[in-house]
Amino acid sequence: MKEIRMVDLQGQYDLIADTLERRMQQVLEQTAFINGPAVKDFQSNLEFYLKVKHVIPCANGTDALQIALMALGLKPGDEVITADFTFAATVEVIALLGLKPVLVDVDPQTFNIDVTAVEKKIGPKTRAIIPIHLFGQAADIEPLMALAQAHNLFVVEDNAQGIGARYTFASGEKQMTGTIGHIGTTSFFPSKNLGAYGDGGALFTNDDALAHQIRGIVNHGMYQRYHHDVVGVNSRLDTLQAAVLDTKLPYLDFYNERRKTAALLYDERLGISDRIVTPFRKGDCDSHVFHQYTLKIANCNRDALVDYLREQGIPSGVYYPIPLHRQKAYSSPDYQESDFSITNQLAEEVISLPMHTELTTQQIDYICEKLLHWVASN
Ligand SMILES: *Cc1c(COP(=O)(O)O)cnc(C)c1O
């Protein structure tokens with residue numbers, strides 16, 4: 001059996017190596033390393049794929065979030081509500097801009113932001129909400145948009161883990177995650193569902209005025225050469241990465257299907273244990289693209305499990321072991337532990353299994369056999 005990795009990018013590379021090398025070679029020969037033709041190609045191909053009016057590429061997913069908040073014209077002290085259970089980048093950019101992060105608990109089944117908890121935290125200074133489509137599952141965006149509209153708030157979707165997922169509205173209509181809020185952001189970090197061979201990110205919006213604002217901000221606040229109308233940043237997707245991403249984009253649905261197939265196999269094998277909670281799906285099979293395959297295991301010595309799996313040649317990950325409200329950088333006297341009971345519990349119970357496009361049935365069988373054996377005897 002092939003070595004099991006948490007993320008295995010080799011197979012994806014082998015499949016597209018010829019095209020990829022040709023496209024990268026072309027960039028080298030054109031020497032247009034910044035804003036070369038591949039950037040524009042990728043931008044318009046991604047707009048078509050997402051069915052969104054504007055894609056603005058940038059340097060990474062964290063920049064995308066920061067630029068989104070800058071484009072909304074928020075003022076220091078304005079409050080932005082986001083989930084306690086996510087990667088720190090989401091809350092980091094809020095704090096960096098002098099805005100006030102307001103963390104809220106998540107749903108115990110989907111691990112996504114709890115809309116009722118958001119509603120309770122809306123106050124006179126609240127300006128925006130950042131839901132995260134965590135682990136690749138669409139957050140409950142329809143009620144969030146209704147809430148935002150009622151209170152005149154912006155919604156920025158952090159879609160770094162969910163690219164290619166589709167949210168189903170109550171009407172049955174579907175829409176790509178990241179294209180429903182006022183702005184959506186994503187990351188092309190190599191291990192993300194659409195990964196570059198280095199850093200990359202992008203913003204999405206259907207709003208022409210916001211798109212214009214964002215295009216200036218990514219380029220030093222310039223809307224006309226050497227006229228700096230707003231304070232901006234330097235955040236670009238470089239041409240080589242755009243060539244990689246443009247080559248991989250046609251395979252994104254296929255990559256996500258591979259992840260979903262692996263997830264279904266895991267579900268089937270692990271479902272027989274009553275101690276293991278396999279990932280809940282809020283919607284149909286389009287709603288979750290399994291950036292991570294994350295289990296909850298109650299009353300389990302997780303560190304011992306991680307060690308045991310490692311000894312069996314099975315890597316695993318804990319996303320995320322410490323809730324954001326307990327991080328030194330983001331703690332606040334305003335927070336009460338009782339407001340974060342779900343996140344606190346998840347931080348103790350979750351474990352993510354290897355998830356990527358190259359998993360074989362044999363590998364999944366092996367992982368599940370070892371995991372079930374440990375759970376039965378511990
Ligand atoms: C990866 C990730 C980011 C940041 O992306 P980078 O490209 O690494 O800056 C932001 N939010 C979430 C939820 C992520 O998973």
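Read the numbers this way: they start at 1 and go in the same order the structure lists the ligands and their atoms. What you see below is based on every heavy atom in this structure, not just the backbone, and it leaves out hydrogens, waters and symmetry mates.
The closest protein non-hydrogen atom to atom 13 (C) of ligand 1 is D158 OD2, 3.4 Å. Among all protein heavy atoms, the one lying closest to atom 14 (C) of ligand 1 is K192 NZ, 3.2 Å. The nearest heavy-atom contact from the protein to atom 4 (C) of ligand 1 is T62 OG1, 3.5 Å. Protein heavy atom nearest atom 15 (O) of ligand 1, with residue, atom name and distance: Q161 NE2, 2.8 Å.
Between F189 and ligand 1, no pair of N/O atoms sits closer than 3.5 Å. Here's the thing with D63: none of its N/O atoms is less than 3.5 angstrom from an N/O atom of ligand 1.
Legend: salt bridge (charged side-chain N to carboxylate O under 4.0 Å, His left out) pairs involving residues 302-321, not counting sequence neighbours, sorted by first then second residue: D307-R310.
Counting heavy atoms from C-beta on, the side chains of Y335 and P323 never come closer than 4.5 Å.
Of all atoms in ligand 1, listed by their number and element, those nearer than 4.0 Å to a heavy atom of N60 are 7 (O), 9 (O). For ligand 1, the atoms sitting less than 4.0 Å from at least one non-hydrogen atom of I132 are 13 (C), numbered in the order shown with element in parentheses.
The closest side-chain donor-acceptor pair between H133 and Q161, if any, does not fall under 3.5 angstrom.
Here the straight-line distance linking atom CG of L371 with atom OH of Y366 works out to 12.0 Å at 0.5 Å rounding.
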Ring pair (Phe, Tyr, Trp, His ring centres under 6.0 Å) assessment of F290 paired with F135
CA-CA 6 Å; F290 289 94; F135 302 150; 9.9 Å; no

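Transitive grouping of hydrophobic side chains (ILVMFWY, heavy atoms separated by less than 4.5 Å) brings M70 and I130 into a common cluster.
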